Amino acid sequence: MADAIADTRRLYTKPQNLNDAYGPPSNFLEIDVSNPQTIGVGRGRFTTYEVRLKTNLPIFKLKESSVRRRYSDFEWLRSELERESKVVVPPLPGKALFRQLPFRGDDGIFDDSFIEERRQGLEQFLNKVAGHPLAQNERCLHMFLQDESVDKNYTPSKIRQA
């Protein structure tokens, strides 16, 4: 009978201090894709998205950044990661070729519901990719997330932690 009582005793754990409870989380990386804006007219029309990053990971030079990117920039990032890294890169939301056909009853790729659907897909894509430790070493990811413009003629390289 004494053994049964001993087994139900409370396990004593280290008490949580205030820093553990209210301090910054150990490692975090948050990426939001938001605020879509459609620019231009006719064939020159496209939508850009705000890509906001917040992190405390030492590998990123900026702890907070905000840049604007269009779908073709996401396509560029995906192809660079496929070529340069050992990461299995997830797919992007589709190209929506049917939405680009003329004589549609809606705004095609500029329809609000499509832009929102694409925004969610791009955000999921970026969070999966940027959360991968091997992808975090790639210069193309850092440039995409934190540089004002994407230099598509850059020299691929690995980022070393500061």
Side-chain angles (χ1 to χ4, degrees), residues 19-20 22-101 104 106-162:
N19 269 352
D20 293 342
Y22 298 105
S26 50
N27 278 337
F28 73 93
L29 174 64
E30 296 170 12
I31 299 172
D32 294 324
V33 176
S34 61
N35 194 13
Q37 292 177 354
T38 299
I39 300 162
V41 291
R43 288 193 140 308
R45 195 172 180 203
F46 61 91
T47 301
T48 65
Y49 301 86
E50 183 180 5
V51 176
R52 282 196 322 243
L53 171 134
K54 284 186 180 177
T55 187
N56 65 359
L57 295 175
I59 198 159
F60 289 97
K61 69 176 188 263
L62 301 173
K63 299 309 160 205
E64 289 191 28
S65 61
S66 174
V67 294
R68 291 204 76 80
R69 297 289 181 251
R70 55 190 288 186
Y71 186 82
S72 58
D73 296 327
F74 285 85
E75 289 180 311
W76 172 84
L77 174 64
R78 186 174 191 284
S79 68
E80 287 299 301
L81 287 171
E82 276 192 322
R83 196 179 72 219
E84 297 300 327
S85 76
K86 308 271 186 280
V87 178
V88 176
V89 186
L92 283 168
K95 191 73 178 140
L97 297 173
F98 289 114
R99 283 192 170 270
Q100 296 176 33
L101 296 174
R104 292 180 54 89
D106 62 10
D107 282 334
I109 61 170
F110 303 107
D111 190 65
D112 287 346
S113 63
F114 173 73
I115 288 173
E116 174 55 20
E117 196 178 304
R118 178 174 268 184
R119 183 204 65 73
Q120 289 175 10
L122 294 173
E123 186 173 277
Q124 287 173 342
F125 166 80
L126 267 188
N127 276 287
K128 281 181 189 162
V129 164
H132 196 294
L134 289 175
Q136 290 173 6
N137 294 326
E138 296 297 333
R139 172 85 187 101
C140 60
L141 179 68
H142 289 254
M143 186 170 40
F144 180 91
L145 290 171
Q146 300 198 308
D147 290 4
E148 195 59 44
S149 61
V150 173
D151 173 12
K152 296 184 179 172
N153 298 316
Y154 85 115
T155 303
S157 62
K158 306 290 184 222
I159 302 286
R160 302 284 171 239
Q161 289 207 8

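Keep in mind that what you see is a predicted model, and the values were worked out from it rather than measured.
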Any sub-3.5 Å donor-acceptor pair from N27's side-chain atoms to L57's backbone N or O?
no
Heavy-atom check, side chain of L134 versus side chain of V87, under 4.5 Å
yes
ring-ring contact (aromatic ring centres under 6.0 Å, His included) between F74 and F144, intermediate numbers included:
CA-CA 8 Å; F74 285 85; F144 180 91; 4.9 Å; yes
Indicate yes or no: at least one non-hydrogen side-chain atom of M143 is less than 4.5 angstrom from one of W76.
yes
Are any of the side-chain heavy atoms of V129 and V89 separated by less than 4.5 Å?
yes
Measure the spacing between CD1 of I159 and CD1 of I59 and express it to the nearest 0.5 Å.
7.0 Å
Could you name each residue pair satisfying salt bridge (charged side-chain N to carboxylate O under 4.0 Å, His left out) that touches residues 121-132, not counting sequence neighbours?
R119-E123
Between atom CZ of R70 and atom CG of L122, what is the distance when rounded to the nearest 0.5 Å?
13.0 Å
Modelled atom types, side-chain donor and acceptor of R68 and T48, under 3.5 Å:
yes
Starting from the C-alpha separation in whole Å, work towards a yes-or-no answer on side chain to side chain contact (heavy atoms under 4.5 Å, CB included) for T47 and I39.
CA-CA 6 Å; T47 301; I39 300 162; over 6 Å; no
Is the charged tip of R69 near the ring of Y49: under 6.0 Å from the six-membered ring centre and within 45° of its axis?
no
For S65 versus L145, what's the shortest heavy-atom pair and its separation?
OG-O, 3.3 Å
Out of Q136, E138, E84, which one pairs with K158 under the side chain to side chain donor-acceptor pair (under 3.5 Å) rule?
E138
Is there a side chain to side chain contact (heavy atoms under 4.5 Å, CB included) between T38 and F46? Walk through the geometry before answering.
CA-CA 6 Å; T38 299; F46 61 91; over 6 Å; no
Polar side-chain atom of N127 near backbone of E30 as donor-acceptor pair, under 3.5 Å
no
Less than 6.0 angstrom from the centroid, inside 45 degrees of the normal: does R118 satisfy that with respect to the ring of Y71?
yes
Which atoms form the tightest heavy-atom contact between A130 and L29, and what is the distance?
O-CD2, 3.2 Å
Do any pairs count as a ring pair (Phe, Tyr, Trp, His ring centres under 6.0 Å) and have a residue in residues 117-143, sequence neighbours left out, and if so which ones?
F60-H142
Heavy-atom pair of closest approach, residues L62 and T55:
O-CG2, 4.0 Å
Let me confirm one number: the CD-CG distance from E75 to L77, rounded to the nearest 0.5 Å.
11.0 Å
Can you find a pair of side-chain heavy atoms, one from Q146 and one from V67, that are under 4.5 Å apart?
no
Throw together a table of side-chain donor-acceptor distances under 3.5 angstrom for residues 149-156, partners on residues two or more places apart or in other chains.
from : atom 1 : to   : atom 2 : distance (Å)
D151 : OD1    : N153 : N      : 2.9
K152 : NZ     : D73  : OD1    : 3.3
Y154 : OH     : E80  : OE1    : 2.7

Minimum heavy-atom separation for D147 and K61, please, with both atom names.
OD1-NZ, 3.3 Å
Side-chain donor-acceptor pair present, S34, D32, cut-off under 3.5 Å
no
Scan side-chain atoms only and decide if S66 and E50 contain a donor-acceptor pair under the 3.5 Å cut-off.
yes
Side chains of Q120 and E116: is there a donor and an acceptor less than 3.5 Å apart?
yes
Between the CG atom in D111 and the CD atom in E117, the distance rounded to the nearest 0.5 Å is 10.0 Å
